[in-house]
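Structure record follows, encoded as structure tokens.
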Amino acid sequence: MSETKIPVAQVNKDYAKIKLTGSRPRSRKRIGAELVIGCVMLGLIALLIIAAPLLTPYDPTHQSLREAMLGSSSAHPLGTDQYGRDIWARLLYGGRIDLFVAVMAVFTPLVIGTILGAIAGYFDGVVPTVIMRLADLVSSFPFYVLVIVLVFVLGNGGMSIFIAISAVSWVPYTRISRGETLILRDREFIASCKASGFTDGWVLFRHVIPNIASQGIVYAMSDIVVNLGIIVTLSYFGLGIVPPTPDWGQMMNDGQQFLAAGVYSLTVIPTIVIILISLALSFIGDGLANVLKVRR
């Protein structure tokens, strides 16, 4: 029985075809529609807020009682409030303050909580125990009640809200990062770093924290929504941003007294914007979770 010899050139050609058609990396993935939609929605809203000086010529705090409670017009697209202030201007400038405080009150606890959680999960001893017992102490109080009490003690204003939220909301980030670190510290590449003589601090900040931060970022998307709700709620009850500084919660409070008269724009428009932002952040959080789930 004779053997059929295949030319080497033909073998290489066939192998190249197989390699091109069948060995594409499967780790590559498409960005989910939720993430794209959320980023587009949030990007458009952020663009409007940032470009507020270009989109309205009015000072959001300027009062003109002669122009009070005007309807929509070319001069005032959304009308005016009871003090003659342009609603469109107050909506844009109020979003600057509310979103800035909400984002900063997430970024700071995210950084602090991730570092503390990584330390608590990576090391053993007194320091990790103290960190987790402090987290248990803070979480033993209702979140909203503790924030309201801190704002009441510190006084009204964006800085007081930022401090109050940051002092409370670092706990979930600490728990998340600690759980991820407990899993990660037993991995082979961590043991290899230790065997190579690298210090614990270098391993912690170079390898551990970068690998666990993604879970905290996903959680932060929903946390921004919570913070925005807290800021609006505090301002609605007079404990938040100090008037006449524009604020969505204060706008809703001002418009409440006109609901019976059939004037809904003062209350409904800020509510719609808050819902859209919350929806966008939810989409982004779900999209990031799906992307990271595939990578893991």
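For the numbers below, each heavy atom of this structure counts, side chains included, while hydrogens, waters and symmetry mates do not.
- In this structure a side-chain-to-backbone donor-acceptor pair under 3.5 Å is present from S139 to D136.
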Walk me through it: do F143 and V226 pass the test side chain to side chain contact (heavy atoms under 4.5 Å, CB included)? CA-CA 11 Å; F143 177 77; V226 174; 4.2 Å; yes
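- Remark: side-chain polar atoms of N253 are not paired, donor with acceptor, to backbone N or O of S235 under 3.5 angstrom.
- The closest donor-acceptor contact from the side chain of S160 to the backbone of G155 lies under 3.5 Å.
- Using a 4.5 Å heavy-atom cutoff, the side chains of C39 and L35 are in contact.
- Each of V273, I272, T271 was compared with I275 under the side-chain contact (heavy atoms from CB on, under 4.5 Å) criterion, and only T271 meets it.
- Taking every heavy atom of both residues into account, A220 and V106 meet most closely at CB-CG1, 3.5 Å.
- Here the side chain of D98 pairs no donor or acceptor atom with the backbone of I231 at under 3.5 angstrom.
- With respect to the salt-bridge test (charged N to carboxylate O, under 4.0 angstrom), the residues D254 and R85 qualify.
- Proximity of a side-chain donor or acceptor of S177 to a complementary backbone N or O of T174 within less than 3.5 Å is detected.
- One hydrophobic cluster, built from ILVMFWY side chains closer than 4.5 Å, holds both L234 and I97.
- Summarising the geometry, atom CE belonging to M132 is positioned 9.5 Å from atom CG belonging to L116; distances are rounded to the nearest 0.5 Å.
- Residues L281 and S222 fail the side-chain proximity criterion, which asks for heavy atoms closer than 4.5 Å.
- The closest donor-acceptor contact from the side chain of S169 to the backbone of P109 lies at 3.5 Å or more, if one exists at all.
- Rounding to the nearest 0.5 Å places CD1 of I49 at 10.5 Å from CG of L55.
- Side-chain contact between V263 and M69: present, with at least one pair of heavy atoms (C-beta onward) separated by less than 4.5 Å.
- Taking all atoms of both residues into account, the shortest heavy-atom contact from G285 to V218 is O-CG1, 3.7 Å.
- When all heavy atoms of C193 and V203 are compared, the pair lying nearest together is CB-CG2, 3.8 Å.
- The nearest pair of heavy atoms linking P128 to I119 is CG-O, 4.0 Å.
- Checked against a 6.0 Å centroid threshold, the rings of Y58 and H76 count as neighbours.
- In the hydrophobic clustering, Y83 connects to L65, either directly or through intervening members, whenever side-chain heavy atoms lie under 4.5 Å apart.
- A distance-only check finds a donor-acceptor pair linking the side chain of S166 to the backbone of F162 [under 3.5 Å].
- Contact check for T245 versus Y93: no side-chain heavy atoms found under the 4.5 Å cut-off.
- D186 has its side chain out of reach of I190: every pair of non-hydrogen atoms, C-beta onward, lies at least 4.5 Å apart.
- Rounded to the nearest 0.5 Å, atoms CH2 (W248) and CD1 (I274) are 6.0 Å apart.
- Nearest heavy atoms, I87 versus S265: CD1-OG, 4.1 Å.
- Of all heavy-atom pairs spanning I212 and A118, the tightest one is CD1-CB, 3.9 Å.
- Side chains of I284 and E34 form no contact here, defined as non-hydrogen atoms less than 4.5 Å apart.
- Rounding to the nearest 0.5 Å gives a distance of 6.5 Å between CG of L78 and CH2 of W88.
- Within the 3.5 Å criterion, the main-chain N or O of G121 finds a donor-acceptor partner in the side chain of R185.
- Here the side chains of D200 and F123 are in contact, with some heavy-atom distance below 4.5 Å.
- Contact check for F283 versus M41: side-chain heavy atoms found under the 4.5 Å cut-off.
- Judged by distance alone, the side chain of S64 and the main-chain N or O of G84 form no donor-acceptor pair under 3.5 Å.
- The distance from the CE atom of M251 to the OG1 atom of T267 is 9.0 Å, given to the nearest 0.5 Å.
- Side chain of N290 to backbone of D286: a donor-acceptor contact under 3.5 angstrom is found.
- For the atom pair CD1 (I131) and CD1 (I115), the distance works out to 10.5 Å, reported to the nearest 0.5 Å.
- Surrounding CZ of F152 are at most 12 heavy atoms belonging to other residues, nucleotides or ligands under 6.0 Å away.
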